[in-house]
Number of protein chains: 2
Amino acid sequence: MAMIRQPENFPETVKAVRRQLALSQEELAHALGVSFATVNRWENGKTVPSKLAQRQFWQFCAQMKEQGKLI
Amino acid sequence: MAMIRQPENFPETVKAVRRQLALSQEELAHALGVSFATVNRWENGKTVPSKLAQRQFWQFCAQMKEQGKLI
DNA sequence: CACACCGCATAGCAGATGCTATATTGTCGG
DNA sequence: CCGACAATATAGCATCTGCTATGCGGTGTG
């Protein structure tokens with residue numbers, strides 16, 4: 001088993017995180033090191049993040065939480 | 001311009017880094033959060049790393065240097 | 001020698017990504 | 001209302017990635 005942590009609803013999670021941080025899709029994409037199109041596709045459920053992108057996303061969230069910018 | 005840093009010979013760089021750290025392709029892949037096939041393709045010049053993968057690779061190298069594990 | 005591994009190379013396929021271009025949807029000031 | 005602008009949605013195409021399987025040389029170990 002040993003699945004990668006993935007919330008039931010990844011698209012909503014990305015949107016929620018992005019809005020808490022008051023970032024545009026473009027800005028979040030830059031912060032994560034991916035393209036705007038990629039973040040957009042995640043939020044609209046067109047694709048699911050790659051292994052590395054998932055790691056990067058959760059790591060980013062953890063950092064933001066450490067800084068108190070994210071609940 | 002603002003290009004992404006990319007040595008003349010990425011395949012050789014990956015091999016060199018990996019061997020200094022005494023890791024197998026499998027182990028390096030795991031450390032980077034990508035698959036074995038991906039590291040293997042980088043080393044054999046079959047593909048060039050994605051934007052995010054490049055960031056991850058250089059960040060990993062920087063960490064290893066901080067720890068004195070890499071020159 | 002036969003056998004089981006391990007590390008590495010390679011291939012095929014489905015899905016993800018980067019880039020570009022083109023809508024669409026607000027939200028302003030005029 | 002109208003034009004301008006930013007943010008978002010969507011699409012196509014080339015490339016990258018993950019997964020699985022296969023082959024191949026080297027290294028034990030019986």
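Numbers restart at 1 for each chain; the letters A, B, ... are given by sequence-line order, proteins then strands. Hydrogens, waters and symmetry mates play no part in the numbers below; they use all other heavy atoms, side chains included.
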Check: Which heavy atom in B:Ala53 sits nearest to a heavy atom in A:Leu52, and how many Å separate them?
Finding: CA-CD2, 3.5 Å
Notebook entry, point to check: Checking B:Gln25 side chain against B:Val39 main chain: does a donor-acceptor pair fall under 3.5 Å?
Noted result: no
Check: With a 4.5 Å heavy-atom cut-off, do B:Ile71 and B:Gln20 have their side chains touching?
Finding: yes
Margin query: Using modelled atom types and a 3.5 Å cut-off, is there a donor and acceptor pairing between side-chain atoms of A:Asn40 and backbone atoms of A:Phe36?
Written below: no
Notebook entry, point to check: Is the backbone of A:Ser24 close enough, under 3.5 Å, to the side chain of A:Glu27 for a donor and an acceptor to pair up by distance?
Noted result: yes
Notebook entry, point to check: Is any side-chain heavy atom of A:Phe57 closer than 4.5 Å to a side-chain heavy atom of A:Val34?
Noted result: no
Check: Within less than 4.0 Å of OP1 or OP2 of D:dT8, is there a side-chain N or O belonging to A:Arg19?
Finding: no
Next item on the list: Go through DNA chain C in 5' to 3' direction and return only the first and the last nucleotide with some atom under 4.0 Å of chain A's heavy atoms.
Entry: C:dA16 to C:dC19
Margin query: Please tell me if A:Gln25 has a side-chain N or O lying less than 4.0 Å from either OP1 or OP2 of D:dA6.
Written below: no
Next item on the list: Using a 4.0 Å cut-off on protein heavy atoms (strictly under), produce a 5'-to-3' string for nucleotides 11-20 of chain D with B for base contact, S for backbone-only sugar-phosphate contact, and - for none.
Entry: -B---SBBB-
Margin query: Heavy atoms only, 4.0 Å cut-off, all strands: where does A:Asn40 land among base, sugar-phosphate and nothing?
Written below: base
Item checked: Min side-chain heavy-atom separation A:Phe10-A:Pro49 under 4.5 Å -> yes
Check: Ion pair present between B:Glu43 and B:Arg18, side-chain N to carboxylate O less than 4.0 angstrom?
Finding: yes
